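Because the structure is a prediction, the values reported are computed rather than measured.
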Amino acid sequence: EEGKDDLFEQYLEVRQSVALQKHTLHQIPANNQVCDVFGIHPNLPVLAELYNEGSALFFANTGVLDDYADETNYKVKSVTNLFAHNTMQRATKRLDPYKEIR
């Protein structure tokens, strides 16, 4: 099916010689994503086990917003620079996924 296989091809194109091969990855289900499965690094089988038993989770394609926002007001409502990888990493590390939003 076009699109799903293309994602791995895109990954291979970007990562080139350091790309992990699909058959080496621990596959986990990817609900409500553009693909059916995610691949976890072959050296992290315990992470796949924790995920499959419901003791671990992943945040995919996320960003950090400090308040409800849309394309017209996110620059004013967000404290974090949303388009800088280093600031998103710092903000994500401080994120509390269980904190209720106002």
Side-chain angles (χ1 to χ4, degrees):
E1 183 176 339
E2 189 174 325
K4 294 183 182 200
D5 289 334
D6 292 347
L7 291 174
F8 192 74
E9 291 302 319
Q10 289 173 24
Y11 163 78
L12 291 174
E13 186 177 314
V14 170
R15 301 293 293 171
Q16 296 185 5
S17 65
V18 296
L20 300 171
Q21 296 304 307
K22 191 183 280 190
H23 72 276
T24 67
L25 302 174
H26 298 284
Q27 293 189 4
I28 61 170
N31 299 323
N32 300 315
Q33 296 294 322
V34 296
C35 54
D36 295 325
V37 296
F38 286 148
I40 297 178
H41 193 282
N43 292 342
L44 297 171
V46 69
L47 188 54
E49 292 169 21
L50 290 169
Y51 178 84
N52 286 327
E53 72 181 27
S55 296
L57 57 91
F58 290 93
F59 290 91
N61 307 316
T62 62
V64 179
L65 291 174
D66 305 290
D67 199 353
Y68 291 107
D70 62 30
E71 67 273 4
T72 66
N73 61 13
Y74 73 88
K75 288 182 180 180
V76 175
K77 292 200 165 210
S78 180
V79 177
T80 304
N81 181 349
L82 300 178
F83 301 102
H85 188 70
N86 60 333
T87 59
M88 289 301 294
Q89 282 184 318
R90 279 195 299 273
T92 301
K93 289 176 184 175
R94 293 190 305 259
L95 181 67
D96 179 359
Y98 300 106
K99 180 181 177 186
E100 282 194 42
I101 191 165
R102 300 179 235 138

Item to complete: Might you work through the side chain to side chain contact (heavy atoms under 4.5 Å, CB included) test for Leu20 and His41, ending with a clear yes or no?
Response: CA-CA 8 Å; Leu20 300 171; His41 193 282; 3.5 Å; yes
Can you give each donor-acceptor pair under 3.5 Å made by side-chain atoms of residues 49-56, sequence neighbours left out, with the distance rounded to 0.1 Å?
| from | atom 1 | to | atom 2 | distance (Å) |
| --- | --- | --- | --- | --- |
| Tyr51 | OH | Pro29 | O | 3.2 |
| Asn52 | ND2 | Ala48 | O | 3.1 |
| Glu53 | OE2 | Ser55 | OG | 3.1 |

Worksheet item: Does anything in residues 25-35 pair up under salt bridge (charged side-chain N to carboxylate O under 4.0 Å, His left out), and if so which pairs, sequence neighbours excluded?
Response: none
Using residues 12-19 as the side-chain source, report each donor-acceptor pair under 3.5 Å to any protein atom, sequence neighbours left out, with the distance given to one decimal.
| from | atom 1 | to | atom 2 | distance (Å) |
| --- | --- | --- | --- | --- |
| Gln16 | NE2 | Glu13 | O | 3.4 |

Worksheet item: So, for Tyr68 and Lys77, which heavy atoms are closest and what is the spacing to 0.1 Å?
Response: O-CD, 3.0 Å
Discussion item. Side-chain heavy atoms nearer than 4.5 Å, only ILVMFWY residues, links allowed to pass through others: does that put Phe58 and Leu44 together?
Written reply: yes
